[in-house]
Participant: 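Below you'll find the structure I mean.
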Amino acid sequence: MSVKRSTRLDFIREIINEDNRTGKHGGRVHTRFPPEPNGYLHIGHAKSICLNFGIAEEYGGLCNLRFDDTNPVKEEQEYIDAIKEDVHWLGFDWGDREYYASDYFEQLYQWAVQLVKKGKAYVCDLTPEQVREYRGTLTEPGRESPYRNRSVEENLELLEGMRAGRFPDGSRTLRAKIDMAHPNLNMRDPVMYRILHACHPRTGDRWCIYPTYDFAHGQCDSIERITHSICTLEFENHRPLYDWFLDQLGIFHPQQIEFARLNLTYTVLSKRKLLRLVEEGHVRGWDDPRMPTLRGMRRRGYTPQAIRNFCERIGVAKFNSTVDIDLLEHCLREDLNRRAPRVMAVLRPLRVVIDNYPEGGVEQMEAINNPEDPGAGTRKVPFSRVLYIERDDFREEPPKRFYRLAPGREVRLRYAYFVTCREVVKDEETGEVVELRCTYDPATRGGAAPDGRKVKATLHWVSAAHALEAEVRLYDHLFTEPYPEDVGEGGFTDCLNPRSLEVIPRCWVEPSLAPAQPLEIYQFERLGYFCVDPDSTCQKLVFNRTVTLKDRWAKIEKAGKANV
RNA sequence: UGGGGAAUGGUGUAAUGGCAGCACGACUGACUCUGGAUCAGUUAGUCUAGGUUCGAAUCCUAGUUCCCCAGCCA
């Protein structure tokens with residue numbers, strides 16, 4: 001089976017098509033997503049997940065979820081659970097194929113024994129420091145360990161002793177006997193097993209020796225009959241070693257294909273750096289909406305579909321690139337535009353009194369829930385004499401290209417009436433505008449003028465007496481620099497964006513939002529998409545701004561073109 | 001002065017000896033009861049130098065730049 005897509009094939013799918021054409025695996029396609037359970041998944045992992053699960057799906061194959069749990073010192077059950085949850089959230093399913101490298105510990109050990117018997121592995125007593133010294137450098141060959149030529153019998157006995165817990169951590173290792181002068185450092189007698197008296201989240205303390213990733217990964221793929229083992233570029237140097245193990249053992253040989261990991265502007269995507277952000281308190285946790293973790297993005301309001309679309313659009317290649325975060329946000333808006341119900345909310349309220357509107361009068365105005373989806377229907381929004389509009393929507397001295405409200409100017413209140421600003425009320429001491437006195441034209445009910453006259457702007461609003469109070473959290477990029485990793489001196493924390501979070505404690509939202517539930521996403525008209533935060537209570541809704549709408553006026557103003 | 005990879009508009013990615021295309025961004029304009037959405041248009045690229053060829057992003061030679069590797073991490 002070969003796959004044609006609307007977009008051109010990437011080099012990985014090309015390889016698979018070719019393998020299928022030549023019958024390399026009998027047309028079988030079997031991939032796997034192999035996370036280490038030592039942290040939370042982020043957008044970079046999403047790229048790999050979409051690739052592996054996506055390819056399996058396209059070729060009618062399978063994709064396993066396999067935890068690379070070979071280092072009990074760093075791994076935890078909590079991460080295993082979180083990873084499963086996140087992969088499911090993205091919309092992928094591994095059926096009953098949930099595997100663990102630790103499932104194969106006994107087999108791996110037997111293979112190690114086999115290599116010892118073949119004279120291809122030995123127990124080495126060098127300390128970690130000595131191993132480093134003996135390894136040589138990039139340009140100079142290493143030296144052979146004095147323990148390299150122990151007899152098979154002695155090696156077997158020592159290996160058993162290691163497994164039986166007779167030696168302290170770090171005192172010995174099992175090493176492959178390859179070539180200490182090899183130009184590829186990974187081939188200079190790499191460690192296969194190390195002694196670690198640690199409790200493993202799955203195997204408890206059944207083991208006190210653990211295989212290294214290098215000795216485990218290729219064989220795990222082999223056991224699962226993975227046809228295409230897709231991984232990131234840094235493992236390219238390891239491929240000869242995996243091949244060596246597979247060949248020595250004479251077992252099924254998956255094909256490893258390496259691609260470039262994702263980088264995104266204005267963010268960092270390494271587990272170590274994300275951990276620092278959390279530990280040093282630069283963010284509120286792994287699910288902080290500013291984090292590029294899947295949990296953070298979920299809380300922020302990202303949809304699985306938006307992320308999957310993004311992963312498809314960025315493509316796959318071997319070039320080390322950095323994707324513009326604008327593309328991610330574009331995919332987000334594209335998806336949210338289709339699905340998010342519209343609603344009116346005023347973030348920075350300015351009080352407006354409609355002088356000629358009856359005192360105590362209330363009307364229910366009909367509003368469209370989603371112009372992109374006629375099936376979403378309509379709702380009623382209460383209108384009354386005292387309203388709030390956005391402070392940004394009024395200028396006492398409007399620049400040329402400012403279309404919104406100004407003294408003497410008429411605008412439309414969405415789904416309601418045309419109103420004209422008659423008077424500006426200011427605080428006598430500060431001079432701050434505190435209220436606008438307006439009049440409305442009763443003939444424009446619903447927002448259209450029977451005489452056909454036009455207004456240049458439509459403003460969103462809420463009725464003061466009916467609005468619900470809400471807290472809104474505005475987010476911006478976590479870093480001020482597009483390449484935070486490249487800033488000098490102290491590194492990426494030097495360019496943390498001090499304005500990455502702005503909390504507006506008292507905003508007003510229309511009453512239809514009363515039953516809103518955590519993680520629901522709305523478009524606040526003219527402002528952006530907002531997601532209900534789990535911090536919400538029945539007293540007070542809390543919203544996260546997922547992403548703004550494209551804002552032409554902001555662009556004009558920022559470019560200094562407001563008056564031209 | 002080792003080995004393994006990679007270089008196409010600002011960004012990401014196609015073209016596999018035959019018109020350098022698509023998307024994001026930026027910039028125009030049209031439309032609009034969201035300055036949203038939508039639509040139309042403009043902008044801008046083959047790392048360098050030679051060579052092969054009727055024809056080169058693609059093949060060859062030399063160079064340049066960038067990434068990865070000296071964990072008992074993955």
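Order of the sequence lines fixes the chain letters, A, B, ..., with proteins taken first and strands second; residue numbering starts at 1 for each chain. Side chains are part of it too, since the values below use all heavy atoms of this structure and drop only hydrogens, waters and symmetry mates.
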Participant: Do the side-chain N or O atoms of A:Arg132 get closer than 4.0 angstrom to the phosphate oxygens (OP1, OP2) of B:G71?
Facilitator: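 Yes, within the criterion.
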Participant: Quickly work out the A:Leu328 CG to B:A23 P distance and round it to whole Å.
Facilitator: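 That distance rounds to 19 Å.
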Participant: Would you indicate whether A:Arg338, at its atom CZ, is surrounded by more than 12 heavy atoms from other residues, nucleotides or ligands within a distance under 6.0 Å?
Facilitator: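 Counting other residues, nucleotides and ligands, CZ of A:Arg338 exceeds 12 neighbours.
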Participant: Could you write out RNA chain B as dot-bracket? Rules: Watson-Crick or G-U wobble, both distances under 3.5 Å, brackets [ ] for crossings, | for pairs with another strand, dot for unpaired.
Facilitator: .((((((..((((....[..)))).(((((.......)))))....(((((..]....))))))))))).....
Participant: Sticking with atom P, work out how far B:G18 lies from B:G3, rounded to a whole angstrom.
Facilitator: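 Result for the P pair: 34 Å, nearest Å.
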Participant: Syn or anti for B:G71, taking syn as within 90° of 0?
Facilitator: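 It is syn.
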Participant: Below 30° counts as parallel, above 60° as perpendicular, anything between as tilted: where do the rings of A:Tyr242 and A:His217 land?
Facilitator: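 Taking A:His217 first and then A:Tyr242, their aromatic rings sit tilted (interplane angle of 30° to 60°).
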Participant: Answer yes if the side chains of A:Tyr522 and A:Glu510 hold a donor-acceptor pair under 3.5 Å, and no otherwise.
Facilitator: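 Not at all, the side chains of A:Tyr522 and A:Glu510 share no donor-acceptor pair under 3.5 Å.
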Participant: Does the side chain of A:Arg526 get closer than 4.0 angstrom to OP1 or OP2 of B:G35 through an N or O atom?
Facilitator: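 Yes.
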Participant: Donor-acceptor pair, distance only, cut-off 3.5 Å: does the side chain of A:Asn369 make one with the backbone of A:Pro341?
Facilitator: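 Here the side-chain-to-backbone pair does not exist.
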Participant: Across the strands shown, which category fits A:Phe402 at heavy-atom distances under 4.0 angstrom: base, sugar-phosphate, nothing?
Facilitator: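 Touches a base.
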Participant: Look at atom CZ of A:Arg150 and say whether more than 12 heavy atoms of other residues, nucleotides or ligands are closer to it than 6.0 Å.
Facilitator: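 Correct, the count exceeds 12.
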Participant: Any idea which of B:G12, B:U34, B:A23 is nearest the A:Ser321 side chain?
Facilitator: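 Per side-chain heavy atoms of A:Ser321, the pick is B:G12.
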Participant: Describe the nucleic acid contact of A:Arg239 in one word from base, sugar-phosphate, nothing, applying a heavy-atom distance below 4.0 Å.
Facilitator: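 The residue A:Arg239 makes no contact with any strand.
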Participant: Could you give the distance separating B:G10 and B:A6 at their P atoms, to the nearest angstrom?
Facilitator: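 Here B:A6 and B:G10 have their P atoms 23 Å from each other.
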Participant: Could you check whether the side chain of A:Arg313 and the base of B:U13 have a donor-acceptor pair of N or O atoms closer than 3.5 Å, going by distance alone?
Facilitator: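 Looking at the base of B:U13, it does not pair with any donor or acceptor on the side chain of A:Arg313 (distance under 3.5 Å).
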Participant: Give me the distance, rounded to whole Å, that separates B:G5 from B:A15 when you measure between the C1' atoms they each carry.
Facilitator: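 Their C1' atoms lie roughly 22 Å apart.
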Participant: In this structure, how many angstroms lie between the P atom of B:G71 and the CG atom of A:Leu185, rounded?
Facilitator: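 Interatomic distance, CG of A:Leu185 to P of B:G71: 8 Å.
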Participant: For nucleotides B:G45 and B:A57, find the distance between their C1' atoms and express it as a whole number of Å.
Facilitator: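 Approximately 10 Å lies between the C1' atom of B:G45 and that of B:A57.
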Participant: With a 4.0 Å cut-off on heavy atoms, is A:Arg401 in touch with a base, just the backbone sugar-phosphate, or nothing at all?
Facilitator: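 If one applies the 4.0 Å heavy-atom cut-off, A:Arg401 turns out to touch a base.
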Participant: Within the side chain of A:Thr173, is there an N or O that forms a donor-acceptor pair under 3.5 Å with the backbone of A:Val191?
Facilitator: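 The answer is no, because no donor-acceptor pair under 3.5 Å joins these two groups.
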Participant: Between A:Arg194 and B:A74, is there a contact of a side-chain N or O with OP1 or OP2 at under 4.0 Å?
Facilitator: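 Yes, such a contact exists.
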Participant: In whole Å, what is the span from the CZ atom of A:Arg272 to the P atom of B:G71?
Facilitator: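 From A:Arg272 CZ to B:G71 P: 16 Å.
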Participant: Without decimals, in angstroms, what is the distance between A:Tyr403 OH and B:C31 P?
Facilitator: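 So the OH-P distance, A:Tyr403 to B:C31, works out to 12 Å.
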Participant: Assess, by modelled atom type and distance only, whether the side chains of A:Tyr122 and A:Asp189 contain a donor and an acceptor separated by less than 3.5 Å.
Facilitator: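 A:Asp189 and A:Tyr122 do have a side-chain donor-acceptor pair below 3.5 Å.
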Participant: Pick the nucleotide of RNA chain B nearest each of A:Asp68 and A:Lys318; which residue has the one closer to the 5' end?
Facilitator: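 In this pair, the answer is A:Lys318.
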Participant: Determine: side-chain N/O of A:His330 to OP1/OP2 of B:C24, distance under 4.0 Å, yes or no.
Facilitator: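 Checking A:His330 against B:C24: at least one side-chain N or O falls below 4.0 Å of OP1 or OP2.
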Participant: Do A:Asp335 and A:Gln305 pair up side chain to side chain, a donor and an acceptor below 3.5 Å, judged on atom types alone?
Facilitator: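 Side-chain D/A pair, A:Asp335 to A:Gln305: absent.
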Participant: Side chain of A:Glu14 only, please: which of B:A26, B:C67, B:U16 is the nearest?
Facilitator: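 Of the options given, the side chain of A:Glu14 lies nearest B:U16.
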Participant: Between B:G25, B:U34, B:G12, which nucleotide gets closest to the side-chain atoms of A:Asp326?
Facilitator: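 The nucleotide sitting nearest to the side chain is B:G25.
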Participant: Taking atom P of B:U11 as reference, at what distance in whole Å does atom CD1 of A:Ile314 sit?
Facilitator: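 Atom CD1 in A:Ile314 sits about 16 Å away from atom P in B:U11.
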Participant: Of all the nucleotides listed (B:G35, B:C72, B:A37), which has the minimum atom distance to the side chain of A:Ile556?
Facilitator: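 Closest nucleotide among those given: B:G35.
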Participant: Which part of the nucleic acid does A:Tyr415 contact within heavy-atom distance under 4.0 Å: base, sugar-phosphate only, or nothing?
Facilitator: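 Contact class for A:Tyr415: base.
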Participant: Just to confirm, is there a sub-4.0 Å distance from OP1 or OP2 of B:G71 to any side-chain nitrogen or oxygen of A:Arg135?
Facilitator: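 The answer is yes; a side-chain N or O of A:Arg135 sits under 4.0 Å from OP1 or OP2.
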Participant: Of all the choices, B:C72, B:G2, B:U34, which nucleotide is nearest to the side chain of A:Thr139 once you look at every atom?
Facilitator: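 Of all the options, the side chain of A:Thr139 is nearest to B:G2.
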Participant: Stacking between B:A7 and A:Phe319, yes or no? Criterion: centroid separation under 5.5 angstrom, plane angle under 30 degrees.
Facilitator: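 No.
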Participant: Could you tell me how far B:G17 sits from B:C60 if I compare only their P atoms? Round to whole Å.
Facilitator: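 It works out to 12 Å between them.
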Participant: Of the listed nucleotides (B:A74, B:G36, B:A23), which one gets closest to any side-chain atom of A:Phe235?
Facilitator: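 Of the options given, the side chain of A:Phe235 lies nearest B:A74.
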Participant: Taking atom types as they are modelled, would you say the side chain of A:Arg404 forms a donor-acceptor pair with the base of B:G35 within the 3.5 Å cutoff?
Facilitator: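 Answer is yes: a donor-acceptor pair is held.
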Participant: Which of the following nucleotides, B:C27, B:G2, B:U34, is nearest to the side chain of A:Leu138?
Facilitator: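 For the A:Leu138 side chain, the nearest candidate turns out to be B:G2.
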Participant: When you measure from the side chain of A:His197 to the backbone N and O of A:Phe167, does any donor-acceptor pair fall under 3.5 Å?
Facilitator: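 Between the backbone of A:Phe167 and the side chain of A:His197 there is a qualifying donor-acceptor contact (under 3.5 Å).
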Participant: If you find the nucleotide of RNA chain B closest to A:Arg412 and the one closest to A:Asp324, which residue's nucleotide is nearer the 5' end?
Facilitator: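 Comparing both residues, the 5'-ward one is A:Asp324.
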Participant: Do the charged groups of A:Arg348 and A:Asp392 touch, with an N to O distance under 4.0 Å?
Facilitator: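 Looking at A:Arg348 and A:Asp392, the cut-off is not met.
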Participant: Applying the side chain to side chain donor-acceptor pair (under 3.5 Å) criterion to A:Glu390, which one of A:His460, A:Arg526, A:Arg404 satisfies it?
Facilitator: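 Result for side chain to side chain donor-acceptor pair (under 3.5 Å) with A:Glu390: A:His460.
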Participant: Just compare B:G36, B:A23, B:A74 and give me whichever is closest to any side-chain atom of A:Arg552.
Facilitator: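 My answer, after comparing the listed nucleotides, is B:G36.
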Participant: In terms of side-chain heavy atoms of A:Pro183, which of B:C69, B:G3, B:C72 is nearest?
Facilitator: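 Of all the options, the side chain of A:Pro183 is nearest to B:G3.
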Participant: Mind checking if A:Glu258 touches a base, just sugar-phosphate, or nothing, with heavy atoms under 4.0 Å?
Facilitator: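 No contact.
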Participant: Say we look at B:G21 and B:U16: how far apart would their C1' atoms be, to the nearest angstrom?
Facilitator: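 So the two C1' atoms sit 15 Å from each other.
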Participant: Hey, is the main chain of A:Ala260 close enough, under 3.5 Å, to the side chain of A:Lys47 for a donor-acceptor pair?
Facilitator: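 Present.
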Participant: Using a cut-off of less than 4.0 Å, is there contact between a side-chain N or O of A:Lys456 and OP1 or OP2 of B:U32?
Facilitator: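 Answer is no, no contact under 4.0 Å.
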Participant: Look at the side chain of A:Glu236 and the base of B:G3, then say whether one donor and one acceptor between them are separated by less than 3.5 Å.
Facilitator: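 No such pair is found, so the answer is no.
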Participant: Measure the distance from CZ on A:Arg13 to P on B:A15 and round it to the nearest whole Å.
Facilitator: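 Rounded to whole Å, this separation is 13 Å.
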Participant: Taking the minimum atom-to-atom distance to the side chain of A:His238, which one of B:A74, B:G71, B:U28 wins?
Facilitator: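 Shortest atom-to-atom distance from the side chain points to B:A74.
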Participant: At under 4.0 Å between heavy atoms, what does A:Pro141 touch on the DNA or RNA strands: base, sugar-phosphate, or nothing?
Facilitator: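 Nothing: the residue A:Pro141, judged by heavy atoms under 4.0 Å, touches no strand.
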Participant: Could you state the atom-to-atom distance from NE2 of A:His200 to C1' of B:C73 in whole Å?
Facilitator: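 Value for this atom pair: 14 Å.
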Participant: Any donor-acceptor pair, under 3.5 Å, between the side chain of A:Asp551 and the base of B:G36, if you only look at N and O atoms?
Facilitator: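 No such pair is found, so the answer is no.
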Participant: Write down the distance separating the C1' atoms in B:C66 and B:C59, rounded off to the nearest Å.
Facilitator: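 One C1' to the other, the span is 24 Å.
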Participant: Using the C1' atoms only, state how far B:U43 lies from B:G29, rounded to an integer number of Å.
Facilitator: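 It works out to 15 Å between them.
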Participant: Mind calculating the distance between NZ (A:Lys550) and P (B:U32) to the nearest angstrom?
Facilitator: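 Nearest whole value for this atom pair: 19 Å.
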Participant: Could you tell me whether the side chain of A:Asn237 has a donor or acceptor atom within less than 3.5 Å of a complementary atom in the base of B:C68?
Facilitator: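 Flag set: donor-acceptor pair detected.
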Participant: Answer with base, sugar-phosphate or nothing: what part of the nucleic acid does A:Ala448 contact at a heavy-atom distance below 4.0 Å?
Facilitator: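 Counting heavy atoms under 4.0 Å across all strands, the contact made by A:Ala448 includes a base.
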